[in-house]
K.L.:
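Sharing a structure here in structure tokens format.
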Amino acid sequence: MTDFFPSQIQSLTDIVGFGILAAVISILWAPLLIKFLYHFKITRRSEYDATLAIESRKSKINTPVMGGLLVIVTVALLAFVFDWERRFTWVPIGVMLLSALLGGIDDLLNIFGTERRSRSMSQTMTLIRVHRKWSMRLWLILTFPWTLFKRASLWLGSHPGKGVHVHEKLLLQFIAGAVSAWWIYWKLAENWQDIYIPFYGFLSIGILIVPLITIVVMFTANAVNISDGMDGLAGGMLIPTFGSLAFLSWVAGFNELAILNSITAGSLIAYTYFNIKPARFQMGDVGSLGLGALLAINALAINQMAILPLIAFMFYAEAVSVLVQVTGRTFLGKRIFKMAPIHHHFELKGWSEEKTIMRFWVIHLGFVLLGVWVGLH
Amino acid sequence: MLSPEAQKTIESYINLPIGAGCVTPYFNNRRKKIRGGLRALIGKGSPKEIVEEAEIVALREKADLKNLDSVTLKKFLVDKNLGIDCSGFAFHVLNAESLAVNGKRLGAYLTSQKGFLRRFISRFREAENISVSHLVSEENSTVVNIQNAQSGDIITLLNSEYNHVVIIESVEHNDANTTLHYIHSYAWPEDGVYGHGIHRGTLTLSNENIMRGTWIEDGHVVNFEKKRPVEKAELRRLKAFI
């Protein structure tokens with residue numbers, strides 16, 4: 001029967017089919033993953049998570065983390081097994097895996113690591129003056145810019161605890177973003193050297209597109225990471241986002257990317273099923289950073305950077321809420337929100353977790369639809 | 001008497017609207033030296049900000065503030081470095097007074113800090129950048145005679161290391177003496193670890209020498225010079241209230 005379908009309909013059938021396949025595979029091995037996470041006690045602890053003190057969130061203690069592996073592993077495996085088109089899929093998968101690796105290390109260090117020391121600027125300055133070994137003094141002077149960067153990153157709210165610190169995360173995310181920029185600008189050739197602006201056309205910003213791509217990948221990965229704070233929130237919002245990317249990729253004729261987005265959305269359906277309150281597992285940084293990077297790079301690969309703020313609306317809103325909070329704290333000495341990211345603000349205002357999540361889903365869905373409409377122009 | 005708005009601010013500091021309520025403790029950032037922190041955590045917060053911060057800290061510490069009695073609540077605040085210093089308290093009360101009387105914030109009547117960056121920062125963080133030494137500068141306030149004292153005036157006690165400011169709430173004149181009813185945020189040595197905070201008292205003066213007057217708080221005579229010598233004590237009026 002499919003022989004009678006036009007080729008585009010055939011590709012659409014494939015895209016949806018792979019999405020269903022990914023969902024089924026994920027559903028099948030999810031119980032194994034849950035068992036594995038419990039067995040190795042990869043569960044949420046309360047030492048460094050202030051939000052777990054909120055009465056309604058206490059039930060989350062001892063819930064397995066790193067559930068995002070369900071999506072990351074499924075997507076990576078399917079991409080390698082079916083190997084649709086290396087030119088389009090290997091770099092996004094590579095960047096996703098690199099970001100997921102960073103997130104995974106952070107998750108594991110937060111659970112099994114030991115407290116990491118962070119020397120203050122004044123301590124470093126004192127040591128430069130008084131340390132008895134000249135070699136140590138020289139080392140401290142040479143590494144002073146790094147120390148400065150490290151301390152400055154604490155303004156972004158990094159808890160100098162067990163996990164990967166913000167300055168380390170930023171560096172590794174910068175590498176992931178730079179790889180994405182290299183691939184898009186130099187490997188995908190000339191069509192990707194300009195930004196497509198809906199209703200306007202192509203806008204050339206020259207080589208500046210390279211740092212822009214890097215920043216977009218870093219920001220989006222962090223935005224998804226920040227949004228992963230309630231059961232089902234990030235997963236439920238990522239489904240329509242990747243679904244819309246699959247649709248837009250198909251419309252633009254990038255069938256391989258459409259399949260990649262479709263299997264991600266399919267796998268996320270299975271993930272969200274197990275992540276809905278009370279969650280059987282949580283995404284963890286392994287999933288949120290990996291999927292955030294994949295989201296950005298997949299949007300960039302179909303030249304839809306301009307609609308990212310729409311199709312990733314709530315993720316960006318969550319990230320902006322953190323920036324606003326940090327700015328308010330630093331420049332005004334006040335909290336703008338009761339707690340950031342913004343979903344905790346509403347929770348502290350008395351909204352139930354379910355109400356917050358569902359409202360966020362609905363708002364996000366509305367903006368995704370708007371993003372698709374804009375992206376089609 | 002101070003305006004109802006300023007009195008309301010004072011009342012909120014005296015009885016923080018949280019759980020059983022308690023007097024706002026004294027906290028000075030000189031020891032902690034927190035930079036760029038929340039106002040409530042550096043001794044410059046309004047009552048609302050202190051309460052909000054206490055609630056957020058309580059969430060982290062798994063403490064139920066609603067069920068704490070006043071004494072335990074005060075201990076909680078002191079242990080978490082939540083409180084107000086003398087100039088922070090003076091700023092919030094006199095800012096409320098200025099808004100009520102003049103319709104403008106207090107900062108509008110005070111000279112800017114020197115340097116573009118300091119001016120820029122101080123515009124956004126007024127409470128943090130208004131110190132006693134800033135209030136006593138001739139551009140911002142003038143010395144007034146005891147006979148002319150009025151509510152909203154301040155008594156500044158200067159020392160090379162440590163300055164202090166006291167707000168006049170009301171004034172009573174009679175033939176022999178002038179009695180100033182004052183309020184301030186202070187930590188007396190006898191307050192111990194948890195007893196400090198906002199104190200009300202009276203200063204009875206028979207002449208212009210402020211330090212020779214009789215300072216009484218909670219029925220006891222108090223002496224600022226017991227803690228450290230006061231090099232200069234003046235009754236001043238801010239330009240905002242002239």
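Naming: A, B, ... by sequence-line order, numbering from 1 per chain.
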K.L.:
Ignoring hydrogens and angles, tell me if any N or O in the side chain of A:Arg335 forms a donor-acceptor pair with the backbone of B:Glu49 under 3.5 Å.
P.N.:
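Here the side-chain-to-backbone pair does not exist.
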K.L.:
Should we say atom CE of A:Met121 is surrounded by more than 12 heavy atoms from elsewhere, each under 6.0 Å from it?
P.N.:
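Count over threshold, so yes.
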K.L.:
Non-hydrogen atoms of chain A under 4.5 Å away: do they reach the side chain of B:Ile56, the backbone, both or neither?
P.N.:
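Interface part for B:Ile56: side chain.
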K.L.:
I need the minimum non-hydrogen distance between B:Glu128 and A:Leu332, along with the two atoms involved.
P.N.:
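Nearest heavy atoms, B:Glu128 then A:Leu332: OE2-O, 4.0 Å.
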K.L.:
For the CD atom on B:Glu161, are there more than 12 heavy atoms of other groups (residues, nucleotides or ligands in this structure) within a distance under 6.0 Å?
P.N.:
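No - once you tally the heavy atoms of other residues, nucleotides and ligands closer than 6.0 Å, there are 12 at most.
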K.L.:
How close do A:Phe331 and B:Phe124 get, counting heavy atoms only, and between which atoms?
P.N.:
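Where A:Phe331 meets B:Phe124 most closely, the heavy atoms are O-CB, 3.3 Å.
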K.L.:
Crowded around A:Arg280 CZ? As in, over 12 foreign heavy atoms under 6.0 Å?
P.N.:
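Open.
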K.L.:
Does a sphere of radius 6.0 Å around CZ in A:Phe174 hold more than 12 heavy atoms from other residues, nucleotides or ligands, not counting ones at 6.0 Å or beyond?
P.N.:
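Counting other residues, nucleotides and ligands, CZ of A:Phe174 stays at 12 neighbours or fewer.
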K.L.:
Minimum heavy-atom separation for A:Lys338 to B:Glu52, with atom names?
P.N.:
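Heavy-atom minimum between the residues: NZ-OE2, 4.4 Å.
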K.L.:
With rounding to the nearest 0.5 Å, note down the distance linking CG in B:Leu59 to CD in A:Glu347.
P.N.:
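The CG atom of B:Leu59 sits 9.5 Å away from the CD atom of A:Glu347.
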K.L.:
Give a yes or no on whether A:Met125 atom CE has more than 12 heavy-atom contacts from other residues, nucleotides or ligands under 6.0 Å away.
P.N.:
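For A:Met125, atom CE is not crowded (no more than 12 foreign heavy atoms under 6.0 Å).
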